[in-house]
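Structure, as C-alpha cells:
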Amino acid sequence: MITQYEISLPAFRRGFHLITSHLIGAIGSLPDKGLLNLFIHHTSAGLMINENADPSVRVDLNSSFDHLAPERMPFYTHVMEGDDDMPAHVKSALTGVSLTIPISGGRLKLGTWQGIFLGEFRDRGGSRRVTATIYS
Amino acid sequence: MITQYEISLPAFRRGFHLITSHLIGAIGSLPDKGLLNLFIHHTSAGLMINENADPSVRVDLNSSFDHLAPERMPFYTHVMEGDDDMPAHVKSALTGVSLTIPISGGRLKLGTWQGIFLGEFRDRGGSRRVTATIYS
Amino acid sequence: MITQYEISLPAFRRGFHLITSHLIGAIGSLPDKGLLNLFIHHTSAGLMINENADPSVRVDLNSSFDHLAPERMPFYTHVMEGDDDMPAHVKSALTGVSLTIPISGGRLKLGTWQGIFLGEFRDRGGSRRVTATIYS
C-alpha cells in the first residue's frame with residue numbers, strides 16, 4: 001500500500017533545522033512496518049539525518065558546508081541570483097534531496113540521536129515543499 | 001507491483017549531464033502513484049538532482065566538484081588508472097549512486113526546477129548502465 | 001511484501017570497510033525482484049557504495065574525507081566529545097546514512113566493481129546497528 005502526503009515547511013533562515021516533529025505531525029499515523037521516503041522539491045535546499053540533541057552540531061554543520069561550498073568562488077559563472085545561490089546548489093548536491101527511513105512498530109526507526117533536518121541553503125529560501133511517500 | 005528496467009546511457013564527457021528525458025523515454029508509462037528508484041552500476045559516476053534550467057549551474061557544479069576532489073592530491077595512493085580516477089571515486093561517494101523519486105498522477109513528481117543528472121567523473125567513462133525500479 | 005532485519009556490525013577502526021558479505025550473510029535469501037534499503041542508526045558513521053577491488057581506493061577515500069572535514073577547524077563549537085567527533089558528523093552528512101539497491105534474480109544488482117561500505121568516522125565507534133528492509 002502506498003500513501004502520499006504533500007507537506008509545506010515554514011520559511012527558515014539559512015542553516016540546518018530539525019524538522020522531525022513537523023514531518024511526523026503532518027503525516028499522521030504510520031503503518032506497522034514499511035518505509036518512508038521524503039523528497040524535497042527544490043535545488044537550493046536539502047534533507048539530511050544527523051545529531052538531534054546538541055544544537056552546536058547544527059551550527060558547525062552549517063559552518064562546514066559554508067567551508068565546503070564558499071560564496072564568490074572565482075570559478076563561479078552562475079552569479080546573477082546572489083552570492084548565496086550557487087553555493088546552495090552545491091550543498092544540495094552534497095546532502096541530496098531525498099531520504100528513505102525504515103518504519104517499525106508504527107514508528108520511524110531512527111537511532112536515539114538521529115533527527116531529520118532541513119538544509120536551507122538560501123539566505124531567504126521561503127517556504128519549502130516536501131512529498132512524503134509511505135510504503136507498507 | 002514492481003517493474004524493473006535496464007537503461008544504457010550514451011557516453012558523456014566529464015561533467016554533469018541532464019538525463020531526465022532520456023530516462024523517462026526509456027521507462028515508458030509510469031503508474032498513478034509510487035516511487036522510482038534509479039541506481040547507477042559504476043563507482044566513478046553518480047546520480048544527482050539539481051537545477052535543470054540554466055546550464056551555467058552544471059558548469060559550476062563540475063568546477064565545485066573538481067575543487068572538492070582535486071586531481072593529484074599528495075596523499076593519493078591509488079594512482080595507476082589516471083589522474084581522473086581517484087577523484088572520480090570521491091565524487092561518486094559525495095553524490096551517491098542512487099535516487100528515489102515520488103511518482104504522482106502518472107508523472108515523476110519533480111520540482112519545477114529539478115532535473116536528473118548523470119555525474120560523469122571520468123574523462124572517458126564510456127556508456128553507463130542504470131537500473132530503474134518502480135514500485136506501485 | 002516487506003521483510004525487515006536488524007543487523008549488528010562488529011566494531012571497526014576509523015575508515016571505510018567493505019561489509020557486502022556481512023550484510024548478505026545476515027539477510028539470508030533475497031526475493032526474485034525488489035529493493036533493499038539499508039539504514040544505519042548513527043550520526044557519526046555512514047553507508048556508501050564504492051570500489052570493492054583495490055584496497056588503496058578505501059585508503060584514499062578515508063584521506064579525502066579527512067581532507068574535506070578536518071579535525072580542529074577553528075570554527076567548530078561542538079568540541080567536547082573529542083577531535084574526531086564533529087568531523088564525523090560532517091562526513092555522515094556527506095555519505096548519508098541510507099542506501100537503496102535493486103534486487104534482481106534473487107541477488108543484489110550491484111555493478112561488477114561495486115561493494116557496500118561502512119564509513120566509520122569515529123576513532124572508536126564500537127559496534128554499529130543497521131536495519132535492512134526488503135520490498136518484493
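We name chains A, B, ... by the order of the sequence lines, and we start the count at 1 in each one. When reading the values below, keep in mind they use all heavy atoms of this one structure, side chains included, and skip hydrogens, waters and symmetry mates. Keep in mind that this is a model prediction, so the values were computed, not measured.
- Using a 4.5 Å cut-off between heavy atoms, B/S98 touches chain C through its side chain atoms alone.
- Chain C forms the most heavy-atom pairs under 4.5 Å with one residue out of B/L94, B/V97, B/T43, B/V79, and that residue is B/T43.
- Not less than 6.0 angstrom separates the ring centroid of C/H78 from the ring centroid of C/Y76.
- Interface remark: B/I40 contributes backbone atoms only to the contact with chain C (heavy atom separation under 4.5 Å).
- Across C/I49, C/V57, C/T95, the residue that shares the most heavy-atom pairs under 4.5 angstrom with chain B is C/V57.
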Could you go through the side-chain contact (heavy atoms from CB on, under 4.5 Å) check for C/L47 and C/I19 one step at a time?
CA-CA 10 Å; C/L47 295 173; C/I19 56 171; 4.1 Å; yes

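- Applying a 4.5 Å heavy-atom cutoff, the residues of residues 60-74 of chain B that approach chain C are B/L68, B/M73.
- Contact annotation for B/H89: both backbone and side-chain heavy atoms come within less than 4.5 Å of a heavy atom of chain C.
- Heavy atoms of B/F39 lying under 4.5 Å from chain C belong exclusively to its side chain.
- Among residues 127-136 of chain B, the residues having any heavy atom closer than 4.5 Å to a heavy atom of chain C are, in sequence order, B/R129, B/T131, B/T133, B/Y135.
- For the options C/G96, C/P55, C/G34, heavy-atom pairs under 4.5 Å to chain B are most numerous at C/G34.
- For C/I101, the parts sitting under 4.5 Å from any heavy atom of chain B are the backbone and the side chain alike.
- Taking 4.5 Å as the limit, some side-chain heavy atom of B/T20 sits within range of a side-chain heavy atom of B/L110.
- Residue C/N50 touches chain B through both its backbone and its side chain, counting heavy-atom pairs closer than 4.5 Å.
- Looking only at heavy-atom pairs under 4.5 Å with chain B, the residue among C/K109, C/Q114, C/K33 that has the most is C/Q114.
- Taking OG from C/S56 and CD from C/E51, the interatomic distance works out to 7.5 Å, rounded to the nearest 0.5 Å.
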